[in-house]
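One structure is given below, encoded as structure tokens.
Both backbone and side-chain heavy atoms feed into the values below; hydrogens, waters and symmetry mates do not. Chain A is the first sequence line, chain B the second, and so forth, proteins listed ahead of strands; every chain is numbered from 1. Since the model is a prediction, treat every value here as computed from it, not as a measurement.
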There are 2 protein chains.
Amino acid sequence: MPTACTSCPLRKMDAFQPFSDDELDFMLRFKVGELVVDPGTPILMEGSNAPQLYTVLEGLGLRYKLLPSGERQVLNLIFPGAFLGLQAGVMQQMGHSVEATTKMKLCVFDRKTLWTLFKNHPERAFDLTWLAAMQEHFLGESLLTVGQRDALASVAWMFVLVAQRGESLGLLAGGKMDFPYAQQDLADALGYSLVHLNRTLRRLRELQLVTWADGVVHFHDMAELARLADVPLEPMAPRPLI
Amino acid sequence: MPTACTSCPLRKMDAFQPFSDDELDFMLRFKVGELVVDPGTPILMEGSNAPQLYTVLEGLGLRYKLLPSGERQVLNLIFPGAFLGLQAGVMQQMGHSVEATTKMKLCVFDRKTLWTLFKNHPERAFDLTWLAAMQEHFLGESLLTVGQRDALASVAWMFVLVAQRGESLGLLAGGKMDFPYAQQDLADALGYSLVHLNRTLRRLRELQLVTWADGVVHFHDMAELARLADVPLEPMAPRPLI
DNA sequence: CGAGGGTTTGATGATAGTCAAAGTGAGTGG
DNA sequence: CCACTCACTTTGACTATCATCAAACCCTCG
């Protein structure tokens, strides 16, 4: 049985801005169903014109792009609350692919209703733009990392981000959280080879900063991790949920 | 004397979607003035909450982020038609800085009217979201380049993009166009050192693909350049102008 | 028990960074 | 008109980071 928006578990998280009754009412009509996918399932394809939009309710995934020659760049990790398909929604074409890493549960919206959202619910339209701007912001941070930080700082930066996002979603408990990605995923996100990423993880482990094994990360020293990554250590600002 | 929107030179470019009379009417009221800045002038600062939004009418600039330790990542090159300040407009905070490379002429909008745009002009709000999604798309392409392409392919990719953008704006003529950036700017955009970028430019010159000197690029072989960069060579799709 | 995905390690080589110095040209002031 | 500075480009020599190749070692799963 599908989750009713009224009892959507995401709304409780402090990662998201509160919902008014009116907004809730609209979401109920915007939503057309729910989708559950297995690990490894492709959800959206680069270049395609997807007829549906999704909000992630549960599970983890990733956005990526492929070079014709086969190299993969992971754009970012997808956590609950992410909104998928906006690019196809406005530009008729996805600029990247999305796939599930774990089993995922997705809230499904019909793309055709996107226009009525702009027409009749300017607050929600504003939130959509907010989400797009936020996505742009994160990609900028990634670009900064991939372009300017060395391997140790890059991996440290990634873990700081993961800890912050995990914290805001209640996934982090007792300094550790589930993190069921493959090393190849992080390597592709940061622009390093698998081997080099693996060696960098070992260095971070030897420095007693983070340990990542068997799908679980342990954060041993966030302050030092943030110092290494050269980022301020602050909680994430609440964002709109759609 | 300020440019009237009705005779805005950008509207003629095939880079942009056509304007209806109604849209034009709104733009006239949205616009509050014009700004002309000298080369090197900072226009928006990372972390600031800018009260104004801009559309670039003339001139070139760049978006960039700085690491506390001083490294600079150039996010992209700013060409005429770019819309600046949207992040501060919706998120109350810029995620990057913007500065002028050449003398620039900017169309100025008041951020406070952004909300009335969402409220009363859903088509324009939709266009804004389009622009944000497009910006996200380009950042994804950059990330792919910086993360996965080697120096030769990266620089080739950059020049292909510059040629495409220049073409759509009518800046490209006879296989050449003005390109008044410094080598350091491209190095910071692609994540390479100045020295390495310089050597890569020499290789491209020796391969008879592009020559860039004295602020002018000559494209000698676009097809081969695109092949090196591993990208399809196609004209840019028209986008909304705000 | 064998196959296959993911991780770990070593050895070697290529790509890119750093340091240093010299060349160019525009702009400035004596 | 001629130093002089300053920003930008170019090149050489040396070093470090990172990629590649290869092999072994987990696992889990059929």
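Within 4.0 Å of A/Gly215, counting heavy atoms only, lies no atom of the nucleic acid at all. Nucleic acid contact class of B/Gly40 (heavy atoms, under 4.0 Å, all strands): none. Residue-level contact check: A/Ala213 touches neither bases nor backbone, having no heavy atom under 4.0 Å from any strand.
Rounded to an integer number of Å, the gap from CG of B/Asp214 to P of C/dT24 is 13 Å. Whole-Å rounding puts the B/Leu201 CG to D/dT11 P distance at 11 Å. To the nearest angstrom, P of D/dC26 lies 16 Å from CD of A/Gln183. At whole-Å resolution of the value, CZ in A/Arg203 and P in C/dT9 are 14 Å apart. As rounded to whole Å, 20 Å separates atom C1' of C/dA14 from atom CZ of B/Arg149. The interatomic distance linking A/Leu194 (CG) with C/dG10 (P) rounds to 16 Å, in whole Å. Rounding to whole angstrom units, CZ of residue A/Arg199 and P of C/dA11 are separated by 10 Å. Atoms CG (A/Asn198) and P (D/dT20) sit 15 Å apart, rounded to a whole Å.
For B/Arg202, taking side-chain heavy atoms from C-beta onward, the closest of the listed nucleotides D/dG12, C/dG10, C/dG17 is D/dG12. Of the candidates C/dA16, D/dT10, D/dA19, D/dA19 carries the atom nearest the A/Ser193 side chain, counting heavy atoms from C-beta on. With distances taken from any side-chain atom of A/His196 to the nucleotides D/dA19, D/dT11, C/dA16, the minimum falls on D/dA19. In this structure, the nucleotide among D/dA19, C/dG10, D/dT10 sitting nearest to the side chain of A/Val195 is C/dG10.
Few gaps surround CE on B/Met236; more than 12 heavy atoms of other groups in view lie less than 6.0 Å from it.
Across B/Arg72 and B/Leu62, no two heavy atoms sit closer than the pair NH1-CD1, 4.0 Å. Minimum interatomic distance between B/Thr145 and B/Ser154 (heavy atoms only, all atoms of both residues): CG2-OG, 3.5 Å. Summarising the geometry of A/Pro42 relative to A/Met45, their closest heavy-atom pair is CB-SD, 4.3 Å, with the distance given to 0.1 Å.
A donor-acceptor pair under 3.5 Å is absent between the side-chain atoms of A/Trp212 and the main chain of A/Phe159, judged by distance alone.
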